[in-house]
**Q** 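Once you've had a glance at the structure underneath, I'll fire off some questions.
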Amino acid sequence: MTTEESVDYLIVGGGPAGLQAGYFLGRAGRSYLIVESGTAPGTFFTRFPRHRTLISINKVHTTSDDPERRMRTDWNSLLGDERAPLFTTYTERYFPAADDYVRYLADYAAEHRLRIRYGTRVTEITRPDDDFVARAEDGSAYRAKRLIMATGFTRPYVPDIEGVETAERYDEVTMDAADFTGSRVLIIGRGNSAFETADHLTEKAAVIHVAGPGSLKLAWQTHFVGHLRAVNNNFLDTYQLKLENALLDGRIQRIERHADSSYTVAVAFDRVNEIVKEIHYDRVILATGFRFDASLLAPECRPEMVINDRFPALNDAWESTKVPDLYFAGTITQSRDFKKTTSGFIHGFRYNVRALHRILEQRYHGRHWPTRDLPGTPEAATDAVIERVNRSSALFQLFGFLADAVLVGPDGTLRYCEEVPVDHLHRAVADGRFGDVDSYAAITLEYGADHDLVNPFDITAGRVSQQSTSGLDGRYLHPVVRYHRAGGDGEPIGEHHLTENLENEWNSEDVHRAPLLSFLRTRLDDRLQARRP
C-alpha cells in the first residue's frame, strides 16, 4: 500500500521557479515539499539551450554598490534576504555557460536547505477531494492542500502542418554542424532557438532558410527579451548581404519527405499575397518552442489552456481560472503578460514568485501584504516614490506589470506597499484586502506608447529632452504614477510621467521631484485635510 506524504504546499519542479517558491515558503515556516524528476535542481539546463550558452545577462561589473539596484543587471540570481548565493560570483561571462547555472542552482538549494525530493518523476495528479494527490513513477504519493506547478515547458510545441512529424525537432537534432556540410537546411521558427541553430550551422550548410509568419521582431526595438536577441542575429547579415541564406516571411503549408530523405516544402509567402512556392531541402528542423504539459493533471484539476494551448489560463493571483488552489510559477505564467514584459524569464518571474507568496500568505495565513507607514504629507509620498524608482529592480524588470502603491486611508494616513501585480492591486483594494483605502497611487516603470514601433537609434524618433519636466511623450523606460479612487474600475483619475533619463536616475529636483510633488499635492491635499489640525 502506498503511503501518502502530506504537506500544505506541493511544488512540482525543481528549477529556478520551484526553488524560489520553496525559499519563500520555507522562510515563512510553511509546510512544503519540492518534487523534482532529476537528480539535482535545474534539470532543464542540463539539456537546454542545446548550444550550452545562456542569453540571460550576467553583468558582474556595474556602477552601483547598492545590491538592490545591481539586480537590474543580474538576470540569473534568485532572491533571498541573505542576498547569497549570487550567480555573479560564479562566472564573469556576460552570456554564461548553462553548466554554471546548474551548479549555481544546486548551491542555492543547499545554502537555503530547501526541502526537495529528487528522482521523483510525477506521472499523475488527481483531486479526489479537497486536496491534490500527486503520484510518482517510483510509487510514492504526495497529498497537498495547494499545488504550485513550476515544471516549465516540458513538451515541444508542434504546429499543425501537414507532414510536420517528418521534420527533425530542435530538442533532438544533432549538434554536430559537420553533419550539415553542404546541405540545404530549413529551420521552422522565428525565436532565439531557431536563429541560434542557424548561426551554429552557418559555417557548414550551403543554404539556410529560417521561416515563420509575420514580421521579425528584434528585442532591442520591442524591449521584449524573448524576441530575437542581438547575440543570435548574425544570421541576418548573411541574408541581407546576399550570402545565399534567407529569412522566409510566410506560413509552412506542407512538408513532404522523399524516399532519399530529402524534402519538398510548400511555403505561402506573406510578402507576395500568400503565393505558394515549393522549395527543396536536405534537412528540415522544427524550432517552434515548447508548451506546458497539462497531461499530468487529471481532468478534474486540469487548467484551461490559452495561446495555442501552450500556457495555462491564470487569474491575477497566478491561480488557474478553472481550478481553485492550483497555482503556477516560472516561465509557464507568461500568459498574463505574453510578449509584453519579462514574466517568462528568471529576472522577471523571481519577483512574481515573491508576489505570489505574499498573496498566499494573505489568502491562507491571514498575513497582510507588507506595508510601511509614511508621514501624511505629499512630500513624504514623493520622497518614497523617488527612492523606489531609483533603486527597485522588480519594477525595472517587470515594467508595467508590477507596481508599488501609496495607499491613502479615509483619515488621511499614508502607507506604502511594494511590488504588487497591477491587476491584483486594483482588485485587492476594491475587495478590502489592503484595509480601508480611500484612494491610491500606483507607481510603475514603463516604456512609452508605441515604443516598439520606433527605431530607438533614429534620433528623430521621439526621444524627449532629459531636461523636460513632462515625460508624457517619452519612449524610453521611465516612472509613471497613476492616481485611482478605491472601488473604481481601475481607470486612473490622474496620471504623471517622469522624464526619461539615460542612466535611469530620476533624482533631479527640478526635472523629476518638483513636478511629481506638484502632481501628488494636487491629488492628496483634499484627502490629507482630515489629519491636519
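Computed from heavy atoms alone, side chains included, the values below leave out hydrogens, waters and symmetry copies.
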**Q** Looking at Val102 and Pro41, what are the two nearest heavy atoms and their distance?
**A** CG1-O, 4.2 Å
**Q** Please tell me if the side chains of Leu78 and Tyr104 come closer than 4.5 Å, counting only heavy atoms from C-beta onward.
**A**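 Yes - at least one pair of side-chain heavy atoms lies under 4.5 Å apart.
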**Q** State whether Arg283 and Asp179 are salt-bridged, where the test is any N-O pair (Lys NZ or Arg NE/NH1/NH2 against Asp/Glu carboxylate O) under 4.0 Å.
**A** no
**Q** Checking side chain to side chain contact (heavy atoms under 4.5 Å, CB included) between Arg115 and each of Val7, Leu25, Ile11, which is the one that passes?
**A** Val7
**Q** Give the minimum heavy-atom separation between Gly182 and Asp282, together with the two atoms involved.
**A** O-OD2, 4.4 Å
**Q** Apply salt bridge (charged side-chain N to carboxylate O under 4.0 Å, His left out) to Arg388 and Glu419, showing your working.
**A** CA-CA 10 Å; Arg388 279 288 293 168; Glu419 302 172 19; 3.5 Å; yes
**Q** With rounding to the nearest 0.5 angstrom, report the CG to OG distance, Leu10 to Ser31.
**A**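 If I round to the nearest 0.5 Å, the distance is 10.0 Å.
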**Q** Answer yes or no: is there a side-chain heavy-atom contact under 4.5 Å between Tyr170 and Phe290?
**A**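 Side-chain contact under 4.5 Å: yes.
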**Q** Hydrogens and angles aside, do Ser140 and Glu5 bring a side-chain donor and acceptor to less than 3.5 Å of each other?
**A**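 Their side chains do not contain a donor-acceptor pair, so the 3.5 Å distance test is not met.
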**Q** Establish, yes or no, whether the cationic atom of Arg30 lies under 6.0 Å from the six-membered ring centre of Tyr9 and within 45° of the ring axis.
**A**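 Pair Arg30/Tyr9 does not count as cation-pi.
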**Q** Within 45° of the ring axis of Trp369 and under 6.0 Å from its six-membered ring centre, is that where the NZ or CZ of Arg433 lies?
**A**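 Geometry flag: not set, cation outside 6.0 Å or 45°.
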**Q** Atom SG of Cys301 and atom NZ of Lys322: how far apart are they, to the nearest 0.5 Å?
**A**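 Answer rounded to 0.5 Å: 9.5 Å.
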**Q** Taking the six-membered ring for Trp, are Phe311 and Phe153 ring centroids under 6.0 Å apart?
**A** yes
**Q** Any ion pair linking Arg146 and Glu319 (charged N to carboxylate O, less than 4.0 Å)?
**A**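 Salt bridge flag = no for Arg146 with Glu319.
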**Q** Could you check whether Arg127 pairs with Asp325 (Lys NZ or Arg NE/NH1/NH2 to Asp/Glu carboxylate O, under 4.0 Å)?
**A**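 Salt bridge between Arg127 and Asp325, a charged N being under 4.0 Å from a carboxylate O: yes.
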**Q** So does Arg135 pair up with Glu4, basic N to acidic O under 4.0 Å?
**A** yes
**Q** Side-chain contact test, heavy atoms from C-beta onward, threshold under 4.5 Å: evaluate it for Phe24 versus Leu356 and give yes or no.
**A**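 A side-chain contact under 4.5 Å is absent here.
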**Q** Under a 4.5 Å cut-off applied to non-hydrogen side-chain atoms, are Ile208 and Thr238 in contact?
**A** no
**Q** Under the 6.0 Å and 45° cation-pi test, does Arg372 pair with Tyr416?
**A** yes
**Q** Between Arg50 and Glu196, does any side-chain N to carboxylate O distance fall below 4.0 Å?
**A**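 Looking at Glu196 together with Arg50, the answer is no, because their closest N to O distance does not fall below 4.0 Å.
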**Q** With salt bridge (charged side-chain N to carboxylate O under 4.0 Å, His left out) as the test, would you mind laying out the steps for Asp249 and Arg190 before giving the verdict?
**A** CA-CA 10 Å; Asp249 301 311; Arg190 298 288 284 273; 3.0 Å; yes
**Q** Considering the options Arg69, Arg72, Glu68, which one meets the side chain to side chain donor-acceptor pair (under 3.5 Å) requirement together with Ser393?
**A**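 It is Glu68, the one option of Arg69, Arg72, Glu68 that forms the side chain to side chain donor-acceptor pair (under 3.5 Å) with Ser393.
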**Q** Are His227 and Lys339 side-chain neighbours, meaning at least one heavy-atom pair lies under 4.5 Å?
**A**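 Result yes, sub-4.5 Å side-chain heavy-atom pair found.
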**Q** Among side-chain atoms of Asn232 and Asn192, is any donor-acceptor pair under 3.5 angstrom?
**A** yes
**Q** Heavy-atom distance under 4.5 Å between the side chains of Thr331 and Phe44, does that happen here?
**A** no
**Q** Centroid-to-centroid, Phe224 to Phe345, below 6.0 Å?
**A**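 So the answer is yes for these two rings.
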**Q** Compute the centroid of each ring, for Tyr281 and then for His209, and state whether the two points are separated by less than 6.0 Å.
**A**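 Under 6.0 Å, so yes.
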**Q** Looking only at side-chain N and O atoms, does Asp107 offer a donor or acceptor that is under 3.5 Å from a partner on Tyr90?
**A** yes
**Q** Within this structure, what is the CG-CZ distance for the pair Asn245 and Arg184, rounded to the nearest 0.5 Å?
**A** 10.5 Å
**Q** Using distance alone, with no hydrogens and no angle criterion, decide if Asp176 and Thr174 have a side-chain donor and acceptor under 3.5 Å apart.
**A** no
**Q** Any side-chain heavy-atom pair from Arg143 and Asp129 closer than 4.5 angstrom?
**A**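 Arg143 reaches Asp129 side chain to side chain.
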